[in-house]
Trainee: 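The structure is given below, and queries will be raised subsequently.
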Protein chains: 2
Amino acid sequence: MEDLLSTVDIKVNEKLFLKNPTSSELGMRIVNFGISMIQEVGFENFTFKKLAARIETTEASIYRYFECKHSFLLYLINWYWGMIEYRLLIETANIDDPIRKLYKSLHVITSVPNPENELVFQRELSLKSLVINESAKIYRTKAVDKENEDGAYSVYKSIVARIVELIVAINPNYPYPAMLISTIIESSNHQRFFKDHLPKLTNTVSNKDAFEHFALDLINKTLEINGKR
Amino acid sequence: MEDLLSTVDIKVNEKLFLKNPTSSELGMRIVNFGISMIQEVGFENFTFKKLAARIETTEASIYRYFECKHSFLLYLINWYWGMIEYRLLIETANIDDPIRKLYKSLHVITSVPNPENELVFQRELSLKSLVINESAKIYRTKAVDKENEDGAYSVYKSIVARIVELIVAINPNYPYPAMLISTIIESSNHQRFFKDHLPKLTNTVSNKDAFEHFALDLINKTLEINGKR
DNA sequence: CAATTAAGATAGTATTACTATCGTTTTAGT
DNA sequence: ACTAAAACGATAGTAATACTATCTTAATTG
């Protein structure tokens, strides 16, 4: 894969920002340093004031880009899923067999990218651990219905819908395709979190990505896919 | 099942409170009204000050029981899992077949209890939706390791370990028992959340608990359990 | 009946999550 | 080159949050 990635502009739902951070250098600094600061201190200890000090701007300036810190997190996670959807599109474009397409899709969605093996967005790498650690916090609030109306979860839903189509093509009788795929996506995040913090809640296999094997086995057996490809 | 439940005292890790709320009437009011208030306004909008006003006490008095609102949530969720572990113990005690034991355990752990069919703790009922909506928030990235050391997740881990044993008895070759069961538990919560707020991420089946069927199918196929019991 | 404990009353603090205003600099269009 | 608009910095302010501290009174226990 060539480096078309760096020139591609990931579109994020316009309701998630007041002023597009990609439109200015300050905006980009807010996003880039915001990502690393959230990773350093955790989302609950992250404030716009601290970020402003770090990038030598003011709190007020950051508020010109984002309404509140929660929509900043939503924005980042949407950017992440936007990149994943884009990769999904290009990396499965030339695959016809739905089973191989599903395997590849699962890999794109759930794997922790290894920059030595595959070319990925630089930002995807830095966002991955943020998604693992913080994404469970975005949904479960009283604001979820309003945010959903505003399209805050539409990329995520569209990715799930895309994989659901593949599952239906592979096994039209399986009754829970959306449940299966959203379970795997969510599980990918929390199992990776467990691995680092609550290892008794997960399993590891030496030198392998245990989660990917687990997920593949799960998919093969639940959808009754037999044989290797 | 008789009403031994109301007389049973669920033990919660002592590091999660400063003064045991079960030891006084005020403590019980804090817990009972705290549960309903968190459900009404959501955990982020819940404050000890509001709770104090509701139960006609003072903020300072609540702080004599709980160090902070986060440990209050941890306490409640631990109480929930304590009840589940207790139910697990008594409801599977007289079952010998590990497969039937596993099925029963899964039901206890993941089902939404129906008070018309089964006798459950009153508090379990009121805590269930709190666990569904808020439990993803307890894993605060930066504090999780310290809390884990203090035993804040030990009941949860012990429940997972208990089911892992059953899985090993059923299919000793399955390599990911802990992953499978913790995935199902976490999925139970977020799928029920999706059902209410992001229905495109889940599937429903009329008049049935779709999640339980999904989980049962998953378990049967991944562990290669064939035949009905 | 004294001593301890529990709880109410009140005050105070640092921080958070913003909003508002105003002046200066930069950029864009003509 | 000039003007208008937009962007940004600087500063101030606010209500609410998440606590801590202290003091007094009421209830319980030995």
Side-chain angles (χ1 to χ4, degrees), chain A residues 14-34 37-38 40-76 134 137-138 141-143 146-147 152, chain B residues 14-34 37-38 40-76 134 137-138 140-143 146-147 150 152:
Chain A
E14 299 201 348
K15 297 218 175 180
L16 295 179
F17 52 79
L18 300 172
K19 178 175 154 67
N20 197 334
T22 59
S23 70
S24 73
E25 199 238 321
L26 178 62
M28 292 308 278
R29 257 161 54 222
I30 292 171
V31 169
N32 289 326
F33 286 88
M37 186 173 267
I38 290 174
E40 280 163 36
V41 301
F43 185 64
E44 24 281 310
N45 299 117
F46 165 81
T47 70
F48 281 172
K49 197 170 190 173
K50 289 177 195 167
L51 178 57
R54 164 88 60 100
I55 63 179
E56 286 174 309
T57 181
T58 61
E59 225 184 332
S61 297
I62 300 179
Y63 275 104
R64 287 190 185 106
Y65 287 84
F66 296 100
E67 213 186 317
C68 60
K69 75 175 203 169
H70 187 260
S71 47
F72 182 55
L73 182 60
L74 264 179
Y75 173 85
L76 295 179
E134 318 290 353
K137 295 167 192 164
I138 61 170
T141 68
K142 293 284 162 185
K146 169 79 170 53
E147 288 162 357
Chain B
E14 298 201 347
K15 298 219 173 179
L16 296 179
F17 52 78
L18 300 172
K19 178 175 154 67
N20 196 333
T22 59
S23 70
S24 74
E25 200 238 319
L26 177 63
M28 293 306 280
R29 259 163 49 223
I30 292 171
V31 170
N32 289 326
F33 286 88
M37 187 172 266
I38 290 174
E40 281 163 37
V41 302
F43 185 64
E44 25 281 311
N45 300 118
F46 165 80
T47 70
F48 281 172
K49 196 171 191 173
K50 288 177 196 166
L51 177 58
R54 164 89 59 100
I55 63 180
E56 286 175 308
T57 182
T58 60
E59 223 183 336
S61 296
I62 299 178
Y63 275 103
R64 287 190 185 105
Y65 287 85
F66 297 99
E67 213 185 316
C68 60
K69 76 175 203 168
H70 187 261
S71 46
F72 182 55
L73 181 61
L74 264 178
Y75 174 85
L76 294 179
E134 318 289 354
K137 295 167 193 165
I138 61 172
R140 288 182 309 174
T141 334
K142 296 294 154 183
K146 169 78 171 55
E147 288 162 356
D150 289 350

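Just so we're on the same page: letters track the sequence lines, and every chain starts at 1. Values below: every heavy atom of this structure, side chains too, minus hydrogens, waters and symmetry copies.
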Trainee: Can you confirm whether A/Phe72 sits close enough to A/Phe17 that some side-chain heavy atom of one is under 4.5 Å from a side-chain heavy atom of the other?
Mentor: no
Trainee: Please give the angle, rounded to 10 degrees, between the axes at the start and the end of the helix from C/dC1-D/dG30 to C/dT30-D/dA1, where five pairs define each axis.
Mentor: 30°
Trainee: Counting the atoms with a prime plus P, OP1 and OP2 as sugar-phosphate, which does A/Phe48 contact under 4.0 Å by heavy atoms, base, sugar-phosphate, or nothing?
Mentor: nothing
Trainee: Nearest to the side chain of B/Leu26 - C/dA7, D/dT11, C/dA17?
Mentor: C/dA7
Trainee: Can you identify which nucleotide, out of D/dT17, C/dT21, C/dA7, has its nearest atom closest to the B/Ser61 side chain?
Mentor: C/dA7
Trainee: Answer yes when B/Glu56 and B/Arg29 have at least one side-chain N-carboxylate O distance shorter than 4.0 Å, and no when they do not.
Mentor: no
Trainee: Taking only the side-chain heavy atoms of A/Lys19 (C-beta and beyond), determine which of D/dC8, C/dA6, C/dT10 contains the nearest atom.
Mentor: D/dC8
Trainee: State which residue, out of B/Leu74, B/Leu18, B/Leu73, B/Ile30, fulfils the side chain to side chain contact (heavy atoms under 4.5 Å, CB included) condition with B/Phe66.
Mentor: B/Ile30
Trainee: Measure the distance from CD on A/Glu59 to C1' on D/dA10 and round it to the nearest whole Å.
Mentor: 12 Å
Trainee: B/Ala60 side chain: which of D/dC8, C/dT19, D/dA21 is closest?
Mentor: D/dA21
Trainee: Looking at A/Lys50, I want to see if its NZ is surrounded by more than 12 non-hydrogen atoms of other residues, nucleotides or ligands under 6.0 Å.
Mentor: yes
Trainee: According to a strict under-4.0 Å criterion, is B/Tyr65 in side-chain N/O contact with OP1 or OP2 of C/dA7?
Mentor: yes
Trainee: Rounded to whole angstrom units, what separation is found between the CD1 atom of B/Ile62 and the C1' atom of D/dT17?
Mentor: 14 Å
Trainee: Please determine, for the side chain of B/Thr58, which listed nucleotide (D/dC8, C/dT10, C/dA7) has the closest atom?
Mentor: C/dT10
Trainee: Answer with yes or no whether the side chains of B/Thr58 and B/Tyr63 bring together a donor and an acceptor at under 3.5 Å.
Mentor: no
Trainee: Could you state the atom-to-atom distance from CZ of B/Phe46 to C1' of D/dC19 in whole Å?
Mentor: 14 Å
Trainee: More than 12 heavy atoms of other residues, nucleotides or ligands under 6.0 Å from NZ of B/Lys49: yes or no?
Mentor: no
Trainee: Between A/Asn45 and B/Thr57, just flag the one whose closest nucleotide in DNA chain C comes earlier from the 5' side.
Mentor: B/Thr57
Trainee: Would you jot down, in residue-number order, the residues of residues 67-76 of chain A having a non-hydrogen atom under 4.0 Å from DNA chain D?
Mentor: none
Trainee: Would you call B/Glu40-B/Arg54 a salt bridge at under 4.0 Å N-O?
Mentor: yes
Trainee: Nearest-Å distance, CD1 (B/Ile30) to P (C/dA6)?
Mentor: 13 Å
Trainee: Within 45 degrees of the axis of the six-membered ring of B/Phe43 and under 6.0 Å from its centre: does B/Lys137 put its NZ or CZ there?
Mentor: no
Trainee: Could you state the atom-to-atom distance from CG of B/Asn20 to P of C/dT5 in whole Å?
Mentor: 17 Å
Trainee: Looking at C/dG8, C/dA17, C/dC22, which one has an atom nearest to any side-chain atom of A/Arg64?
Mentor: C/dC22
